[in-house]
**Q** 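Here it is, the structure, as structure tokens.
Below, chain A is the first sequence line, B the second, and so on; all start at residue 1.
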Number of protein chains: 2
Amino acid sequence: MNKDEIRKLHLFAALDAQQFDHVSETSVASKLVPHQNLFFQGESASHFYLLVSGQIKLYLLSPEGEEKIIDIIQPGQFFAEAVMFMEGQRYPVNATALVESEVLAFDNHVYRSIIENSPRVSLAVLSDFSRRMHFMLNEIDRLALHSASYRFVYYLLENVSEEESQIDLVISKQTIASQLSIKPETLSRILKRLRSEGLVEADGRQIKILDREALRAVLLR
Amino acid sequence: MNKDEIRKLHLFAALDAQQFDHVSETSVASKLVPHQNLFFQGESASHFYLLVSGQIKLYLLSPEGEEKIIDIIQPGQFFAEAVMFMEGQRYPVNATALVESEVLAFDNHVYRSIIENSPRVSLAVLSDFSRRMHFMLNEIDRLALHSASYRFVYYLLENVSEEESQIDLVISKQTIASQLSIKPETLSRILKRLRSEGLVEADGRQIKILDREALRAVLLR
DNA sequence: CGTTGCCCTTGATTTATGTCAAGTCTTCAC
DNA sequence: GTGAAGACTTGACATAAATCAAGGGCAACG
């Protein structure tokens, strides 16, 4: 991921050359080894991040130490950028690398001061934020109104392309389970049932959708 | 709620006199009777709203017709304002009056065009949005990581003031149950248990917190 | 009044999902 | 290749919450 590619990402696309240079000059690159923490919930937030390579999990912990994964960041995605507009400016989640990763850290003040003079940029951010909120709303919907199998089937359909019916899970089943707020045992059983019903084939991280229509129908029942 | 009060609300506080006049001149007031719908999920969105009096529920429906209340809007609150920055511009939820209500509808284009020239205003909106996202994140946390009784106790503690230990529920228990994603029967049983444990007293919509510390402790177990 | 409708409660039962425990399979280091 | 650690699966069991069903209380209304 080079400078030109970064420049095209939504948070930067509306910047002019000078603004972009300023932002990228003040950015800091760093490498993370697997399981290395980037920040913790409650910490004071001075930067937002772009993932260049690897995978980062954003998660919450319950008092009993149970982990709920809020999001798995993939290369090219920004994260923790909403924090810079919040009072208090504290990270609302924990962030840890799942695998070896490279991130770019951008200074909140630098970006904010650009926004203060550039309505085009703020519209881009506003549109990003409203998309995000829509996303979270859907997540709340699924958690509140739908069963564990619904959520898993939904996940499968979200991650399968139009043409190919083969899915290559990029994260472990445990991690998916946590994202969907299911226990790994339950996920395993749901997958077993889908297999026995002839809806999918599964081999490790390779999952093949055999009957897409029938899967969609599961969402309605 | 008069013009001066409206002017002080966060989405308008950063507007100058001329901008505010433009916004308020193009607004439309309307009255809703109980159970009257304001908009439906998926409808094209041209306005956002301020609730002047009454109560509005924002909710989603599952395929089986089950209702999940996302939010109960109280007087002085805006709603559906994030939609104006989204592509597609469709309402992501349904909105229905719970009781007789008055709303003010503001034109998305008018407000958006002001933002395009007024960085101060967009910062105010950005800060509002990030606060909202934080809220939603907490809701996801509670749904994913915590039990029904946790959610109800949390709700009680959120709605009790520092000084008074008396809570006057402004909405029905059914409605609260739907907001917390609990069935009414379950809510009734949770309340019964809290009563029998001597933590609260309850009479209809009047709930009195008897032991605040013990209630807080329930959140940790 | 009485009755109608709604909100709330209570009891009995079911069900989805979690928990605990054990075992297999895979990967990867040495 | 061997061993260790982690990922995944499976079975037996426990449990929170949903569901189904019935009844009580209360306000509104003729």
**Q** Establish, with yes or no, whether the OP1 or OP2 oxygen of D:dT9 is under 4.0 angstrom from a side-chain nitrogen or oxygen of A:Lys192.
**A** no
**Q** Taking atom types as they are modelled, would you say the side chain of A:Glu185 forms a donor-acceptor pair with the base of C:dC20 within the 3.5 Å cutoff?
**A** yes
**Q** Please give, in whole Å, the distance from D:dT15 C1' to B:Arg189 CZ?
**A** 15 Å
**Q** Mapping A:Leu191 and B:Ser181 onto DNA chain D by nearest heavy atom, which one lands closer to the 5' end?
**A** A:Leu191
**Q** On DNA chain C, check which nucleotide each of B:Leu187 and A:Ala148 is closest to and give me the residue with the more 5' one.
**A** B:Leu187
**Q** When you measure from the side chain of A:Ser181 to the backbone N and O of B:Ala144, does any donor-acceptor pair fall under 3.5 Å?
**A** no
**Q** Counting side-chain heavy atoms from CB outward, which of D:dT9, D:dC8, C:dT10 is closest to B:Ser188?
**A** C:dT10
**Q** For A:Gln174 and C:dT27, what is the distance between atoms CD and P respectively, to the nearest whole Å?
**A** 15 Å
**Q** Roughly, in whole Å, what's the span from NE2 in A:His146 to P in C:dA16?
**A** 16 Å
**Q** Expressed as a whole number of angstroms, how long is the span from B:Gln206:CD to C:dC8:P?
**A** 13 Å
**Q** Quick one: does any side-chain atom of A:Ser178 pair with a main-chain N or O of A:Glu67 as donor and acceptor, under 3.5 Å?
**A** yes
**Q** What is the distance from CZ of A:Arg193 to C1' of C:dA16, rounded to the nearest Å?
**A** 10 Å
**Q** Expressed in angstrom and rounded to an integer, what is the separation of A:Lys183 atom NZ from C:dA21 atom P?
**A** 16 Å
**Q** Starting at CZ of B:Arg205 and ending at P of D:dC26, how long is that distance when rounded to a whole Å?
**A** 15 Å
**Q** Any side-chain donor paired with an acceptor under 3.5 Å for B:Ser53 and B:Glu102?
**A** yes
**Q** C:dT17, OP1 or OP2 - any side-chain N/O from A:Thr186 closer than 4.0 Å?
**A** no
**Q** Would you mind telling me which of A:Ile72, A:Ile69, A:Ile73, A:Ile56 makes a side chain to side chain contact (heavy atoms under 4.5 Å, CB included) with A:Leu98?
**A** A:Ile72
**Q** Mind telling me whether A:Tyr49 and A:His47 have parallel, tilted or perpendicular rings, with 30° and 60° as the class edges?
**A** tilted
**Q** Could you check how far NE2 of B:His35 sits from C1' of C:dG5, rounded to whole Å?
**A** 12 Å
